2 protein chains.
Amino acid sequence: MNYSISEENYIKAIYRLQSTREPVSTNALAVELDTKPASITDMLKRLKVKKLVIYYPYQGCRLSAEGTRLALGIVRRHRLWEYFLAEKLKFNWNEVHDIAEELEHVSNGQLIERLDAFLGFPRFDPHGDPIPDSSGKIATPSQVKLTTLGAHTKAKVSGLADQSQDMLNLLQQRNITIGTIVEINKKFGFDHSLEIKIPGNPPFIMSEQAAQNILVHHELEA
Amino acid sequence: MNYSISEENYIKAIYRLQSTREPVSTNALAVELDTKPASITDMLKRLKVKKLVIYYPYQGCRLSAEGTRLALGIVRRHRLWEYFLAEKLKFNWNEVHDIAEELEHVSNGQLIERLDAFLGFPRFDPHGDPIPDSSGKIATPSQVKLTTLGAHTKAKVSGLADQSQDMLNLLQQRNITIGTIVEINKKFGFDHSLEIKIPGNPPFIMSEQAAQNILVHHELEA
DNA sequence: AATATTTTTTAGATTTGCCTAAAAATAAAA
DNA sequence: TTTTATTTTTAGGCAAATCTAAAAAATATT
C-alpha cells in the first residue's frame, strides 16, 4: 500500500505519543500535529477504514499491527536520512530533523535498503535514537537519564528525551554531541544541579532540568 | 516561495516541451503529464497568477523568467539525485529516474548545495545530461549524434536523445554507459546501420535508429 | 446528583487538483 | 467560404485535508 504524506505524519505522531500514554487522545494529537481536533477526528475515521488504527469515538486511538509496521518503516527512513545528512553531508546534529522530515516520505524500498548499506547499517541516528532494521526490529538501548548517575562517574551520551530546538542549542553550546563522554564532578543538593566535565573543555554547571533530558548509554568506570 | 509537487511537475514538463516547440500547447502538456486538457487549463490559470508562466487562452504557454529559474532548480535537484543514486547507491543507470522524480521535490537549499559538494560538483548526470549550477547556469555540451561520425572514428558517449526504457535497456545490454568510448568500425550504406566496437567487447551491429539516439561528446583521434 | 467544564464529534465551508460533459474558439477541408 | 474537425475552455462535481462554529458526550466540581 501507498499512503499520503499526511497519513504518514499522523501515524508517526500516534507512534510517538503512544510510547508515553495509551490510548492517544484527540487533543494530544491535535497539539502534536498543530491542527484542530476536528481535523484529527476526520483523519482518524479515514485511518480506521484503512485499518491502520484502532479507534472508537471518544476513546482515543492506538496503532493497529499494520499501523505499527508502517510507523516503524517511517521511523527507519527518517533516521537513516538523518544519519546520512549528519555523517555524509556534514549537517549539524540539530539541523537534520526538518530535512529528514521531508525525505522520509520518499517511499521506495530499494532506495532505503541501499541507503542503509551505503551508510554501513548504522544502528543509531545522530540523536542517539535506534534505527529499526528492514524487518521492523528496533533496539531498545539501556539509556538512563544523566541525573540518575552518581558523582564521579562517567558515561557516554546516547540520546535526548526532549529534542526541542532549545535543548539542541544548549548542548551544542556545551560541545556535547552523541558519543561525548561526560563526567559528573559534583552534585549540588540544593537545586540538584550538576557540575559536568567533558574532555578538552572546562567544567560547567548544568541544571537538573537539562540533565534529565540527556540520556547516557551506560555507566563507565570512574 | 514554496511550490507544490504538482506545480513543480507542471513547470518541469513545460520546460521540457519548450525546448522543442514554443509555445507549449495545452494538449501536449496533457499528454506529457498524463492528465486531461481541462486540468491543464485549470493549472495554467493558477500558475499565471503566480507569475510562473506566460499564458493567454487558446495560445499555449511558456515559462516566465521566474518559471525558468524554478525549472532549472528542479532539473538541478533531479540530476544531482540521479548522480547520487547511480554513483553512491550503485543503482543502474536506468533505475535512477523514477526515484529522483520523488527526491527532486524535497526543497531545502542547503541540502542541495551540500549534496552537490558531497558528490564533487558533478557536471553531468548518469544519463549524460548537464546539471545546472547553483546559479542556474547549465552547460550545453557539444553533443552530436553517433550517426554523424564517419567510419574509423572514436568518440565518448555523453548522452541520449531518447531516454525511454527500451533505449536504456538496449544500451545496458551492449555495455554502453556514459563515458564509454565507442569506435565506428564500418558504416553500411544499405540500411545505414553501424558496426560498433567498444573496448573489451566484441564488435556488434547497431541500427541507424538506435545510433541516432546516442549522443557523443566530441570526436576523438582515429 | 446536578451543574459546570473540558473534550470530542458533527455539520457545513474552503482549497487544491483532478474529472466529465458540453460549449466556444481555432484550424483544416471541401 | 462554409462546413467539418480539432483544440481548448467553461461549468459543474468529486475527494482529500483542512478550517470554524455548534452540538453532544465525558469528566470534574460543587
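Residue numbering restarts at 1 for every chain, and letters A, B, ... go by the order of the sequence lines. Quick caveat, the model's predicted, so the values are computed rather than measured.
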Exercise. Any Lys/Arg nitrogen of B:E7 or B:R46 sitting under 4.0 Å from an Asp/Glu carboxylate oxygen of the other?
Worked result: no

Exercise. Separation of A:I5 atom CD1 from D:dA17 atom P, in whole Å?
Worked result: 10 Å

Exercise. Distance check: side-chain N/O of A:S6 vs OP1/OP2 of D:dT18, anything under 4.0 Å?
Worked result: yes

Problem set entry | Cation-aromatic face contact A:K88/A:Y83, 6.0 Å, 45 degrees | no

For this session: State yes or no: are the ring centers of B:F84 and A:F84 separated by less than 6.0 Å?
Result: yes

For this session: Scan B:P57 against the nucleic acid and name what it touches under 4.0 Å (heavy atoms): base, sugar-phosphate only, or nothing.
Result: sugar-phosphate

Problem set entry | Nucleotide D:dT8, atom P - distance to NZ of B:K45 in whole Å | 15 Å

Exercise. Can you tell me how far P of D:dA17 sits from CG of A:L44, to the nearest Å?
Worked result: 13 Å

Seminar exercise, completed: When A:Y58 and A:T35 are each assigned the nearest nucleotide of DNA chain D, the 5'-most assignment goes to A:T35

For this session: Go through DNA chain C in 5' to 3' direction and return only the first and the last nucleotide with some atom under 4.0 Å of chain A's heavy atoms.
Result: C:dT7 to C:dT10

Exercise. Given D:dA16, is OP1 or OP2 found less than 4.0 Å from the side-chain N or O atoms of A:R46?
Worked result: no

Exercise. Can you tell me how far CD1 of A:I14 sits from CD of A:E32, rounded to the nearest 0.5 angstrom?
Worked result: 10.5 Å

Exercise. Just how far, in rounded Å, is C1' of D:dT18 from CD1 of A:I40?
Worked result: 11 Å

For this session: Calculate the interatomic distance between B:D42 atom CG and D:dG13 atom P; express it in whole Å.
Result: 15 Å

Exercise. Taking atom P of D:dT18 as reference, at what distance in whole Å does atom CG of A:L29 sit?
Worked result: 12 Å

Seminar exercise, completed: Output for pair (B:S107 OG, B:N2 CG), nearest 0.5 Å, gives 4.5 Å

Exercise. Is a salt bridge present between A:K12 and A:E104, judged by a nitrogen-to-oxygen distance below 4.0 Å?
Worked result: yes

For this session: Can you tell me the distance, in whole Å, between the CG atom of A:N27 and the C1' atom of D:dT27?
Result: 13 Å

Exercise. With sugar-phosphate meaning primed atoms plus P, OP1 and OP2, does A:S39 contact a base, only sugar-phosphate, or nothing at under 4.0 Å between heavy atoms?
Worked result: base

Exercise. Going from CD on B:E8 to OH on B:Y3, what distance comes out if it is rounded to the nearest 0.5 angstrom?
Worked result: 9.5 Å

